[in-house]
Amino acid sequence: MHPNIILLAILLAKSLVLLGILLAVGLGTYAMIRRLAPHPDYRFTLFGIALIVGPILMSWLFTILLHIAPGQHAAFYLVLPLVPFLGFTLFGLLQARRDLGSSLANFFLRPAVSLFNLGIGLSAFVCLVFGLGGLVALAIAVPANANDPLEYFSLARHLAETRNGWVYPIIDTEATDGFTARWTHPLGYINLLTYSYLLQGTGETSFVARFVAPYFAFALAILLIAFAGFRRKVSGLLTALFLVSTPLFYGLVVQYHIDPTRIAAFTAAIAATWLVAQAPSVPRGLLAGLACGASMFCHSIGILTLPIALPIYFLLARRARIWVHIVVVAQMLLLSLLMLSLRYSINMSVFGSPIADSVDIWSYPELGVEHSRLVERMMETPVDRLVNGAFMGFRQIDLFGPFYYVFLLALGVWLWSNRGAWSRPFQFLRKQVWRSEADPALPALLVVLGYTGIMLLTLIAGTDLAVKNARYVLTMQPFLLIFAVRILMPAFFAEPEYRTGDGR
Amino acid sequence: MTEILRPAPTGMASAHGNASSMRRSMPNRSTLVALLGLAGLIALILISLLNIARIGYTYLVVYPVTVQSIGDPEPVRWAASNYGITHLVKFANQTLPPEARIFSFRQSDVAYYAKNPIAVYTDNSYAKLFQQPSAIELKQALLKEGIRYIAIPPYGMAEVNNSAFGHLIADPSLALLIFEQDGERLFELTSPSSRESSVKPVRVFDIRSKQERDKWNSALMPQPLTAAIRTSPASIEKSSDGVTIRRNRPLVASDILEDVLQPWDLTIDATPFVVGRSDFDVRDGLYSFEGRVAGDGLVTLYVDFDTRAVGEPVRRERKLLWSGVLNDEVQDIGGQFKVLLGGDETGGPGAFGKSSRVFFGLKQGGYLTVKALSIREIVLPENASGLGVKQTEDFLRLHRAYDNGWRNRRPDAKEERYSEPFDVFGMDRRGTIAARQTSGNPRMFDSPAYFLPTDFLTLDTAYRMERTSEGVKPVVEVSMNASGNGLLSVSLTGTCLGASPAAKKNEFGDEKEEPQAAVAGGVSSSEPAELDQDERFTEFVTPMPPVSLRREGRIYRETVVLDCAPSSVRATFGVSGDSLKSPSDLRMGEARISDFDMSLKAWAGGQEITDIALIKSSDVRPPRISPPQTQLPDYGQ
């Protein structure tokens with residue numbers, strides 16, 4: 001037997017423990033938020049949200065601990081952040097079993113599943129399992145390799161060694177042998193890596209930490225099955241499959257990039273916002289606020305969550321007392337900013353701005369770094385930035401798959417089927433009938449429009465900040481897919497919508 | 001809350017409904033639409049599956065997994081990718097003093113995998129280095145920070161080009177290139193006391209001379225057919241001030257359109273290689289280049305070696321010497337590069353030329369004027385201390401690889417077609433998985449040439465065998481244990497004593513100097529000059545059944561009947577992707593061979609009458625042939 005096999009088995013076991021912990025935290029969160037479902041059909045979506053938001057909240061608690069009580073024993077940080085969640089895990093497990101059982105029953109029974117749905121659903125499911133299983137297998141085989149993840153892993157390793165949150169951002173490189181991390185990124189994803197390193201007990205390999213990204217790919221797939229498949233049979237499965245198989249997304253998971261986590265959190269935030277808009281209430285506003293905070297806590301660009309989530313709430317919220325609306329919006333704003341207050345205030349004191357690129361030499365005019373990058377990225381002129389930047393999804397099929405064109409088709413179908421509304425815009429706007437629809441395609445379309453709008457605005461402002469990287473544009477991908485699949489499936493196949501009986 | 005519990009929105013009577021109303025409005029949806037949708041849906045699912053498999057497969061190709069390697073420590077797993085940076089880190093870990101600080105223009109890999117302390121260019125405490133006015137002052141500043149090593153990634157960086165770093169790495173008397181692999185470079189600041197190296201001009205392009213200018217011409221990098229129809233090479237102007245190419249910037253920037261400005265009298269052919277004769281040669285060693293260009297756009301400078309060592313077909317290597325973005329300005333360019341041509345049996349570079357060519361590329365518009373360019377060889381002293389030794393070791397290692405007899409052969413240039421990346425499923429030009437070897441050609445490598453034992457190597461013997469072979473045929477048996485992935489093709493090449501059956505009849509009269517000539521003829525069998533010199537030797541190429549490789553290995557044992565009695569024979573292997581198993585753009589394979597053996601027998605009427613073992617080759621351990629490098633995407637920062 002190979003001598004390293006035992007070592008490998010130990011690492012695998014620890015990775016399973018990590019996945020178990022993340023799942024347990026998600027289940028615990030589900031037990032806490034399950035009651036927020038306005039109707040049983042929403043429970044599955046809440047389950048997806050819980051799987052994503054729970055571990056990020058855990059990471060947030062862990063981060064706070066690293067700041068207020070630095071330098072403790074590793075077990076202290078491993079156990080304490082779990083305490084609020086693990087108490088509920090068993091409840092969550094039981095409830096999830098029942099709710100998932102009824103979701104499954106919905107698929108087969110309500111109304112009885114057709115051969116078409118069974119075939120498509122099963123094949124999508126099998127492909128999805130193949131994709132997600134492949135991610136786990138690759139996490140075992142592929143070492144940490146890409147640029148950004150290697151830096152995150154280096155930072156997480158250092159945080160795990162020092163067990164002190166205040167070392168970040170790393171500006172004084174004395175203690176790190178020259179490694180520098182002058183970023184303003186919140187620590188959501190990175191501290192999940194740190195947690196993994198603590199669990200692993202050694203910094204020699206990134207093994208356990210590699211499973212964080214696949215977990216979030218899995219959780220996002222669950223959320224999409226629920227959210228995009230809301231009251232449908234196969235739409236959710238298809239959306240999840242298409243997202244996971246989007247080449248850029250899949251590749252990012254294998255590189256252990258931050259983006260699968262970030263996109264999962266953003267999607268969860270939008271789903272939570274949609275949920276509270278369906279039935280505005282104070283506790284649901286709390287969830288939306290935490291979900292938005294979790295999204296902002298994953299990455300600097302998460303700051304775009306609120307500018308997109310709040311308009312969605314304004315546009316889609318159903319009727320409720322005005323103070324409920326006010327409280328909901330206030331919760332979304334305040335809770336999320338509160339979650340980020342520590343990071344933003346550190347950033348303000350260190351960099352003078354909550355989000356900043358703080359490499360001095362990039363601003364030296366004689367070096368011309370900025371211009372040089374624009375040319376290298378083929379974004380020198382405004383036309384370039386539009387075609388190669390904002391609409392890169394159409395050109396770079398190798399990264400985004402064929403889905404931008406599918407989306408275009410869906411948009412055409414949608415506009416055509418709503419042509420009555422466009423011919424009488426004022427009546428349409430006055431009645432606001434869309435508020436009474438529970439179709440996730442609407443928030444998805446709003447996200448696509450909002451995100452594209454933000455990209456265009458930044459382009460007009462002359463910066464390529466929002467489009468410089470295909471990873472940023474990928475943020476829209478789940479929503480593009482939700483819209484496309486939800487519009488096209490009934491247009492082509494008359495996919496029936498079900499609705500479970502009230503209560504239970 | 002009550003609102004939520006209303007009847008489902010499907011029952012909505014609104015005219016502005018979403019898709020559900022559309023369904024109602026078209027109750028008799030034609031079957032055609034549904035079928036069309038079904039076809040599209042199935043296509044999408046298949047594409048998804050393909051994408052998942054493709055990306056997973058790519059990573060497994062880059063980081064191969066075997067039972068032995070799966071448990072390896074992470075740095076070892078990482079190094080399995082064979083990327084240039086892994087070699088640089090390995091070199092640094094093994095060679096540099098452990099406390100030596102590396103100034104790195106890319107933090108991630110070096111910070112994570114190298115043992116040495118680092119200094120990173122994005123660290124603001126080093127920002128003042130980028131304000132140093134000259135290379136000498138920059139060197140002083142670096143030394144003051146305790147930094148002697150600089151690592152530079154294989155792409156152009158404005159931070160290097162436009163600061164004193166660009167000048168520093170161009171001047172071998174200040175900083176010497178001590179490591180280079182696939183463009184990853186490591187420089188060492190020379191010790192101030194001793195000037196260890198000197199330079200010797202190899203080629204100076206004197207633009208002021210008309211004769212020199214006349215050679216320069218422009219061409220286009222090979223493009224997809226559709227793009228090639230629309231575009232023609234940029235216009236070219238020549239004056240004593242420089243040679244200029246100009247192009248109107250296309251409306252949308254494209255990374256395909258690249259104009260070439262080259263000092264050669266021929267153009268680029270359908271392969272991505274320049275064809276034409278070179279007028280300067282390179283040999284194993286260190287080179288520096290210096291030049292001055294003006295331009296607007298993304299400018300690159302490449303060098304192609306076109307080497308032909310003894311016994312080898314043409315090998316080509318393209319190095320990116322310089323790359324940078326010019327903003328309607330004049331720029332001094334410079335740098336150092338390493339040439340390792342390989343060698344022949346005697347250890348030195350081959351005798352058939354080491355011609356090389358340089359050419360400029362211009363992307364994204366504008367113009368490019370070449371004002372000056374010169375290439376110099378850096379002469380290291382014989383017993384150079386420190387870095388010189390490392391340099392020498394590097395060369396020696398390469399020679400050893402050649403000396404052990406196993407030749408690593410690349411396919412002939414003529415057959416190498418530039419295959420367009422597979423657009424639809426994701427091989428982009430910047431390279432999701434664009435292999436360095438983009439052609440579908442197999443990667444070739446040879447066994448040692450097996451010469452027959454001397455007592456057998458006489459015309460007499462051969463003749464006897466020929467004469468007695470009315471019904472007696474020479475048979476070569478190849479046996480080995482081959483493992484890996486892809487398809488291993490096997491063929492026997494070698495020479496026969498005596499010309500082809502028709503020509504040889506009256507040739508076997510004198511037989512004096514055959515053994516020596518046989519050796520030469522056997523090795524460089526493809527050289528026509530040698531064939532003329534000794535026409536008694538004919539070459540043969542006999543294909544043998546290919547074998548589909550498996551990870552766990554399989555025994556290969558095949559025999560082939562030759563038409564003539566061989567004086568030397570060797571097995572040639574080509575490994576390629578198995579087109580049945582892998583996507584067409586992933587034509588790469590990897591082969592490992594052990595227990596290789598080859599024997600020559602004579603065969604007559606169903607029974608072997610003699611068994612002459614060739615050189616027992618079981619003890620020769622072939623090197624592991626690593627797969628062509630696959631470039632993984634780097635999604636930037």
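Nothing here was measured: the structure is a model prediction, and the numbers come from that model. Proteins come first, then strands; the chains are lettered A, B, ... in the order of their sequence lines, and each starts at number 1.
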Honestly, the part of Leu367(A) sitting under 4.5 Å from a heavy atom of chain B is both
Non-hydrogen side-chain atoms of Phe179(A) and Asp123(B) separated by less than 4.5 Å
no
Tell me, side chain or backbone of Ala144(A) under 4.5 Å from chain B's heavy atoms, or both, or neither?
both
What part of Leu38(B) gets closer than 4.5 Å to chain A, counting heavy atoms only: side chain, backbone, both or neither?
both
Which heavy atom of Phe492(A) sits nearest a heavy atom of Gly37(B), and at what distance?
CD2-CA, 3.6 Å
Between Val406(A) and chain B, with a heavy-atom cut-off of 4.5 Å, which part of the residue counts as in contact: side chain, backbone, both or neither?
side chain
Taking Ile140(A), Val369(A), Val383(A) one by one, which has the highest count of heavy-atom pairs under 4.5 Å against chain B?
Val369(A)
So which heavy atom on Ala253(B) is nearest to which on Met378(A), and how close?
CB-CB, 3.8 Å
Region of Val65(B) that comes under 4.5 Å of a non-hydrogen atom in chain A:
side chain
Counting heavy-atom pairs under 4.5 angstrom with chain A, the leader among Val325(B), Ile118(B), Asn124(B) is Asn124(B)
Most heavy-atom pairs under 4.5 angstrom with chain B, which of Ala181(A), Gly368(A), Ala141(A)?
Ala141(A)
So, the part of Val387(A) with a heavy atom under 4.5 Å from chain B: the answer is side chain
Atom pair OG/CG of Ser372(A) and Asn162(B) - distance to nearest 0.5 Å
7.0 Å
Report the distance from atom OG of Ser123(A) to atom CD1 of Ile42(B), rounding to the nearest 0.5 Å.
7.5 Å
Please collect all salt bridge (charged side-chain N to carboxylate O under 4.0 Å, His left out) contacts where either partner lies in residues 107-121 of chain B, sequence neighbours excluded, each pair once.
Arg106(B)-Asp109(B)
Side chains of Gln107(B) and Thr180(A): do they bring a donor and an acceptor to under 3.5 Å?
no
Residue part contacting chain B, namely of Phe207(A), when any heavy atom lies under 4.5 Å
neither
Contact summary for Asp398(A) and Arg54(B), nearest pair of heavy atoms
O-NH2, 3.9 Å
Which bit of Leu150(A) comes within less than 4.5 Å of chain B, counting heavy atoms only: side chain, backbone, both or neither?
both
Less than 4.5 Å to any heavy atom of chain B: does that hold for the side chain of Asn388(A), its backbone, both, or neither?
side chain
Atom pair CG (Leu248(A)) and CD1 (Ile55(B)), whose distance is rounded to the nearest 0.5 Å:
8.5 Å
Segment of Ser154(A) engaging chain B (4.5 angstrom heavy-atom cut-off)
both
Under a 4.5 Å heavy-atom cut-off, does chain B meet the side chain of Tyr152(A), its backbone, both or neither?
neither
What part of Leu251(B) is in contact with chain A, defined as an atom under 4.5 angstrom from a non-hydrogen atom: side chain, backbone, both or neither?
both
Would you call Arg210(A)-Glu74(B) a salt bridge at under 4.0 Å N-O?
yes
Could Arg157(A) and Tyr112(B) be counted as a cation-pi pair, given that NZ or CZ must be under 6.0 Å from the ring centre and within 45° of the axis?
yes
In this structure, CG of Leu132(A) is separated from CD1 of Ile52(B) (nearest 0.5 Å) by 7.5 Å
To the closest 0.5 Å, what do you measure between CG (Asn51(B)) and CZ (Phe242(A))?
11.0 Å
Would you mind checking which part of Ile171(A) comes under 4.5 Å of any heavy atom in chain B, side chain (CB onward), backbone (N, CA, C, O), both or neither?
backbone
Taking the side chain as every heavy atom from C-beta outward, state whether Met489(A) and Leu41(B) have any pair of such atoms under 4.5 Å apart.
yes
Reported NZ-to-CG distance for the pair Lys128(B) and Asp360(A), which is rounded to 0.5 angstrom
11.0 Å
Where is the tightest heavy-atom contact between Gly178(A) and Val120(B), given as atom of each residue plus distance?
O-CG2, 3.6 Å
Which answer fits Glu366(A), side chain, backbone, both or neither, if we ask what part of it has an atom under 4.5 Å from a heavy atom of chain B?
both
Neighbour count above 12 (heavy atom, 6.0 Å) for Asp328(B) CG:
yes
Ser281(A) portion near chain B, given a 4.5 angstrom heavy-atom threshold:
neither
Donor + acceptor pair across side chains of Glu159(B), Tyr364(A) (<3.5 Å)
no
Relative to chain A, which of Leu298(B), Leu60(B), Leu44(B) shows the most heavy atom pairs under 4.5 Å?
Leu44(B)
How far apart are the C-alpha atoms of Tyr155(B) and Glu376(A), what are their side-chain angles, what is the distance that settles it, and do they pass the side-chain hydrogen bond (donor to acceptor under 3.5 Å, both in side chains) test?
CA-CA 11 Å; Tyr155(B) 40 84; Glu376(A) 275 161 12; over 6 Å; no
Per-residue tally against chain B (heavy atom, under 4.5 Å) across Leu8(A), Val244(A), Thr205(A), Leu238(A) peaks at Thr205(A)
Within a strict 4.5 Å, meaning less than it, do heavy atoms of the Cys127(A) and Ile45(B) side chains meet?
yes
